[in-house]
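Only one structure is covered here, and it is reproduced in the block below.
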Amino acid sequence: MSTSAIDLSLPYKKRVDDALHNQQLKVALDRATGRMAGQRVAAMGAVDAPRLRAQVRQMKEHVLRTWPELLEQLETQVTANGGHVHWAKEAADLQRIVVEIARKANVQKVVKAKSMATEEVHLNQALQRAGLKVVETDLGEYIIQLAGEPPSHIVAPVIHRRVEDIAAIFQRELDMPPTLDPQVICGVARGVLRKEFLSAEMGISGCNFAIAETGTCCIVTNEGNGRMTSTLPRVYVVVMGLEKLVPTVEDAFLQYQALCRSSTGQQCSVYLSMTSGPRKPGDVDGPEEFHLVLLDNGRLDMLAKGYGEALCCIRCGACLNVCPVYREIGGHAYGSTYSGPIGAVISPNIHLEVTDVDKLPYASSLCGACRDACPVQIDLPRMLLELRRDVVEAEGATLFDRAAMQGFSKMMQSRSSYESAGKLGSLASNVLARLSGGNLTFLPGPLSPWTASRDLPPLARHSFREQWQQRRAARKQIV
Ligand code: SF4
């Protein structure tokens, strides 16, 4: 059966080519991203969106300005609440810390709520190597765990799969009778996962935001699995990127509103689970042990390198849903835990095991749709251009690039050479376009990559200045 999956072992260019020719993937992406983008527009349109975006931006900038103090405040509060705080510099540190927590607590089985930070550091694989059973409990994550795939979207991990694909996975892995009814498919998953929740000794989740003033870790979900992960097992571990901070409870609800409206187009999520530490005497539920693991993995360097603006990201996924590149190739073509425009900025900066990471900043048309959709007004196109500059500086410009730039610079210094070059370019491009029957479909030598994936219209026969003069002369005649 043909599927919407992309072979992740292929090199970047081949993955992109395969994605572009995968009709099933296109159907799945069109359906989901179109729906989510439309819901976001409606939900943000129902509030004073410019004001909300400006407030969230201001708050996140404040977080970055007072980052060390807020992290210390968070640690103090979590500890005062009876929890344990751990600091992980790199992925290996985080893996070691969580495995040690599990060993000390004699854990055999772990249930997990959705977490991009744990995907980033391959925590599941580390826990499995340590002999633990790990079960993803977000429905999308559970499906891709069964399929042996990583997530392809930061909010909707299984966005690349159609219901037909998911039914086939459930038939193969869970002996589900043939059906395409989403209710039945969900019911099968619910039956399996409930048993896992009741027998797991440890729950692990990510963290949408942690409140520094109270030491509270918040997870935003629609399925209830986050609530069960954080309350049923006797040990609860939260894995959080260092930047997922908000100073106050008021700020938490500001971010919550922007997140729900921008990601799924909801006024509020079905669940907002807030954990401030282990169960206290008299509490009806909650874990006996609570651990917060704070992950750096390159985030502090990101700020120092000038890409701190990307740390304001609240992982809503809106930029992916509007990106014309993401909508064509999907998340797996990027080859990174984080895909789409924000992924193309984060992936080259934090410490990920990603090949071809320097290609990702070029996976953008720089149209600016991501910046316009972002609830934090993050200027992703600016950072993508700066990352391209970094690549050129690191690799060095080619001889052709240097010669072209020197020629361009000379040409721009003299009006006559600028006009002569324009005339020459117009003549040559129009001759070539006529041979190609319309637009330029082939350019020679080092220019050929330009036309490898797009046609180029020929230059105008007359310059703007000439056209302006002709129009003025025509107008004078009429008057
Ligand atoms: S960059 Fe903006 S739009 Fe993209 S995921 Fe982050 S907050 Fe959302």
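We count ligands from 1, going down the list as the structure has it; atoms in each ligand are counted the same way.
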**Asked** Atom CD in Q95, atom CD in E90: separation rounded to 0.5 Å?
**Response** 11.0 Å
**Item:** 2.8 Å cut-off met by an N, O or S atom of C316 to atom 8 (Fe) of ligand 1
**Value:** yes
**Geometric cation-pi criterion, R454 with W450: 6.0 Å, 45°** = yes
**Asked** Does P375 come within less than 4.0 angstrom of ligand 1, counting non-hydrogen atoms of the residue?
**Response** yes
**Close approach of G317 to ligand 1, heavy atoms, under 4.0 angstrom** = yes
**Asked** Which residue owns the protein heavy atom closest to atom 2 (Fe) of ligand 1, what's the atom, and how far is it?
**Response** C374 SG, 2.4 Å
**Taking atom 7 (S) of ligand 1 as the reference point, the nearest protein heavy atom with its distance** = I314 N, 3.4 Å
**Prompt:** Does a side-chain heavy-atom distance below 4.5 Å link V235 with H291?
**Reply:** yes
**Asked** Is I342 touching ligand 1 with its side chain, its backbone, both, or neither, if touching means heavy atoms under 4.0 Å apart?
**Response** side chain
**CD on Q145 to CG on D138, rounded to 0.5 Å** = 11.0 Å
**Prompt:** Side chain, backbone, both or neither: which part of I154 comes within less than 4.0 Å of ligand 1 when only heavy atoms are counted?
**Reply:** side chain
**Request:** Indicate if the distance from atom 4 (Fe) of ligand 1 to the nearest N, O or S atom of C319 falls below 2.8 Å.
**Result:** yes
**Message:** Are there over 12 heavy-atom neighbours, none belonging to K13, within less than 6.0 Å of that residue's NZ?
**Reply:** no
**Prompt:** So, are E136 and K114 salt-bridged, with charged N and O less than 4.0 Å apart?
**Reply:** no
**Message:** Within this structure, what is the CZ-CZ distance for the pair F197 and R190, rounded to the nearest 0.5 Å?
**Reply:** 11.5 Å
**Item:** atom 6 (Fe) of ligand 1: nearest protein contact (heavy atom, Å)
**Value:** C313 SG, 2.3 Å
